[in-house]
There are 2 protein chains.
Amino acid sequence: MTQAIALTVGDVARAAGVAPSAVRFYEQHGVITAIRDSGGRRLFDDSASCRIKVAKLAQRVGLTVREIAELFADLPPSAGTEEWGRMAAALVAESERRLAELRTSLAEMQAGGPLCGVVDRLDQYNESRTSA
Amino acid sequence: MTQAIALTVGDVARAAGVAPSAVRFYEQHGVITAIRDSGGRRLFDDSASCRIKVAKLAQRVGLTVREIAELFADLPPSAGTEEWGRMAAALVAESERRLAELRTSLAEMQAGGPLCGVVDRLDQYNESRTSA
DNA sequence: GCTTGACTTCAACAAAGGTTGAACTTGCAA
DNA sequence: TTGCAAGTTCAACCTTTGTTGAAGTCAAGC
């Protein structure tokens with residue numbers, strides 16, 4: 001178990017595959033947290049790069065940075081496996097909710113006449129109207 | 001079948017539940033298309049408000065306006081029910097792909113040691129190290 | 001024919017999610 | 001001890017997704 005205990009911005013950036021500026025950005029927005037050393041430098045633990053990776057995945061399924069920060073906020077500062085598991089489950093659940101809403105809304109729209117289906121053949125439309 | 005044939009920006013905005021400025025924005029970005037009347041006004045058909053509703057759903061699951069426009073671009077200008085169905089299926093499929101990637105990435109991360117789980121109890125960590 | 005409301009364009013602004021650059025500090029290493 | 005890489009802050013900038021406001025046009029009703 002090679003857990004580095006004090007990672008710098010650069011370390012975390014490399015580990016997470018993002019720019020150092022992004023690491024600072026995520027800290028400012030509460031996605032990750034840092035302590036400071038005597039010289040004012042941010043020090044992260046290993047969970048930081050991990051949180052960022054999860055955040056990136058979460059963004060892909062439509063969560064905002066604010067939402068992600070809130071999701072992580074419920075997480076104890078130094079969470080164990082179960083807490084992380086619960087959080088991951090919550091994230092997946094939220095993503096599933098959104099997918100479900102996509103599905104049901106599309107289904108509803110399809111139920112109410114042809115899904116966005118304009119009567120595209122105008123002649124067809126006019127025919128049915130003139131024949132009425 | 002009460003298909004309005006020439007809807008203005010305001011009509012579409014009302015129907016889709018968005019601001020007129022958003023309707024113009026979506027037209028500029030290829031999510032919807034319009035013809036112009038003699039006075040330069042945009043004229044939409046019914047599919048416009050529908051496209052916007054779908055676009056809003058798609059944004060919730062992480063697609064960008066550009067991606068949505070591309071999705072709709074494959075759609076004939078005035079698509080029938082099957083084309084819309086195919087498009088809707090593609091959208092759902094993309095959303096599912098992202099959810100699947102979320103799931104598998106989280107699973108991978110969990111497999112590689114405790115998911116982001118820092119060895120939070122330092123004493124515990126140190127114990128295991130000193131006892132080695 | 002004139003007002004009124006809804007449209008037009010264009011430019012500026014806003015908030016989210018970052019990046020970049022300037023100016024400065026810190027700590028490791030030769 | 002001096003140099004250099006990497007850190008710091010702050011401000012400016014960029015893209016995305018729109019909103020707002022100014023200035024003007026158009027059609028419909030009075």
Side-chain angles (χ1 to χ4, degrees), chain A residues 4-45 48-49 51-73 91 94 98, chain B residues 4-45 48-49 51-73 91 94 98:
Chain A
I5 240 53
L7 302 168
T8 66
V9 160
D11 294 332
V12 172
R14 224 166 299 115
V18 301
S21 61
V23 174
R24 294 191 189 96
F25 176 85
Y26 289 132
E27 195 224 4
Q28 274 167 11
H29 291 78
V31 171
I32 55 180
T33 56
I35 55 170
R36 301 296 181 121
D37 71 7
S38 56
R41 286 170 171 74
R42 290 167 185 84
L43 294 180
F44 301 92
D45 60 48
S49 64
R51 280 175 183 236
I52 292 174
K53 285 182 200 157
V54 174
K56 283 292 173 192
L57 292 165
Q59 283 182 296
R60 278 285 286 179
V61 294
L63 280 80
T64 64
V65 167
R66 182 181 304 277
E67 286 169 333
I68 294 161
E70 278 165 19
L71 191 67
F72 286 166
L91 172 53
E94 175 59 25
R98 294 182 186 203
Chain B
I5 238 54
L7 302 168
T8 65
V9 162
D11 294 333
V12 172
R14 225 167 298 114
V18 301
S21 61
V23 174
R24 295 192 188 95
F25 176 85
Y26 290 132
E27 195 224 3
Q28 274 167 12
H29 291 79
V31 171
I32 55 181
T33 56
I35 55 170
R36 301 297 181 122
D37 71 6
S38 57
R41 286 168 169 76
R42 290 166 185 85
L43 294 181
F44 301 93
D45 61 45
S49 65
R51 279 175 184 237
I52 292 175
K53 286 183 200 156
V54 174
K56 284 292 173 191
L57 291 165
Q59 282 182 296
R60 280 284 288 177
V61 295
L63 279 81
T64 64
V65 166
R66 181 181 305 277
E67 287 169 333
I68 295 161
E70 278 165 18
L71 191 65
F72 285 167
L91 173 53
E94 176 58 26
R98 293 183 186 202

Measure from [atom1] on [X] to [atom2] on [N] and round the result to the nearest Å.
{"X": "A/Leu43", "N": "D/dT8", "atom1": "CG", "atom2": "C1'", "answer": "13 Å"}
{"X": "B/Arg42", "N": "D/dT25", "atom1": "CZ", "atom2": "P", "answer": "17 Å"}
{"X": "B/Arg66", "N": "D/dT17", "atom1": "CZ", "atom2": "C1'", "answer": "12 Å"}
{"X": "B/Gln28", "N": "D/dT15", "atom1": "CD", "atom2": "C1'", "answer": "15 Å"}
{"X": "A/Arg41", "N": "D/dT9", "atom1": "CZ", "atom2": "C1'", "answer": "13 Å"}

Subject >> For A/Arg42, all residues meeting side-chain contact (heavy atoms from CB on, under 4.5 Å), sequence neighbours excluded >> reply: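 Applying side-chain contact (heavy atoms from CB on, under 4.5 Å) to A/Arg42 gives A/Val9, A/Arg24, A/Glu27, A/Ala34, A/Arg36, A/Phe44.
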Original post:
Partners of B/Ala16 by side-chain contact (heavy atoms from CB on, under 4.5 Å), sequence neighbours excluded?
Top reply: B/Val18, B/Ser49, B/Ile52
Subject >> Stepwise side-chain contact (heavy atoms from CB on, under 4.5 Å) test for B/Gln59 and B/Lys56 >> reply: CA-CA 5 Å; B/Gln59 282 182 296; B/Lys56 284 292 173 191; 3.5 Å; yes
Original post:
Once you round to the nearest 0.5 Å, how far does CG of B/Leu43 lie from OG1 of B/Thr33?
Top reply: 11.5 Å
**OP:** Could you tell me the separation between the CG atom of A/Asp11 and the OG1 atom of A/Thr8, rounded to the nearest 0.5 Å?
**Re:** 3.5 Å
Subject >> Contact nearer the 5' end of DNA chain D, comparing B/Asp37 with A/Val9 >> reply: A/Val9
**OP:** Check each residue of residues 18-27 of chain B for a non-hydrogen atom within less than 4.0 Å of any atom in DNA chain D, then write out the ones that pass by number, or none.
**Re:**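 Under 4.0 Å from DNA chain D: B/Ala19, B/Ser21, B/Ala22, B/Phe25, B/Tyr26.
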Original post:
On DNA chain C, which is the earliest and which the latest nucleotide, 5' to 3', with an atom closer than 4.0 Å to a heavy atom of chain B?
Top reply: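 So the contact region on DNA chain C extends C/dA6 to C/dT9.
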Original post:
Where along residues 55-64 of chain A does a heavy atom come under 4.0 Å from DNA chain C, residue by residue in number order?
Top reply: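 Correct list: A/Lys56, A/Gln59, A/Thr64.
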**OP:** In sequence, state the C-alpha distance, the side-chain angles, and the governing distance for B/Leu63 and B/Arg98, and then conclude on side-chain contact (heavy atoms from CB on, under 4.5 Å).
**Re:** CA-CA 10 Å; B/Leu63 279 81; B/Arg98 293 183 186 202; 4.3 Å; yes
**OP:** Indicate yes or no for a side-chain donor-acceptor contact from B/Arg51 to the backbone of B/Ile32 under 3.5 Å, with no hydrogens or angles considered.
**Re:**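 No.
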Subject >> Under 3.5 Å donor-acceptor, A/Glu67 side chain and A/Thr64 backbone >> reply: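 Yes; judged by distance alone, with no hydrogens or angles, the pair exists.
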Subject >> Sub-4.5 Å side-chain heavy-atom contact between B/Val65 and B/Phe25 >> reply: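 Touching, per the 4.5 Å side-chain cut-off.
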Original post:
Can you find a pair of side-chain heavy atoms, one from A/Leu7 and one from A/Asp45, that are under 4.5 Å apart?
Top reply: no
Original post:
Residues in side chain to side chain donor-acceptor pair (under 3.5 Å) with A/Glu70, at least two apart?
Top reply: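 Residues passing side chain to side chain donor-acceptor pair (under 3.5 Å) with A/Glu70: none at all.
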Original post:
Has A/Thr8 got a side-chain N or O lying under 4.0 Å from the OP1 or OP2 atom of D/dA5?
Top reply: no
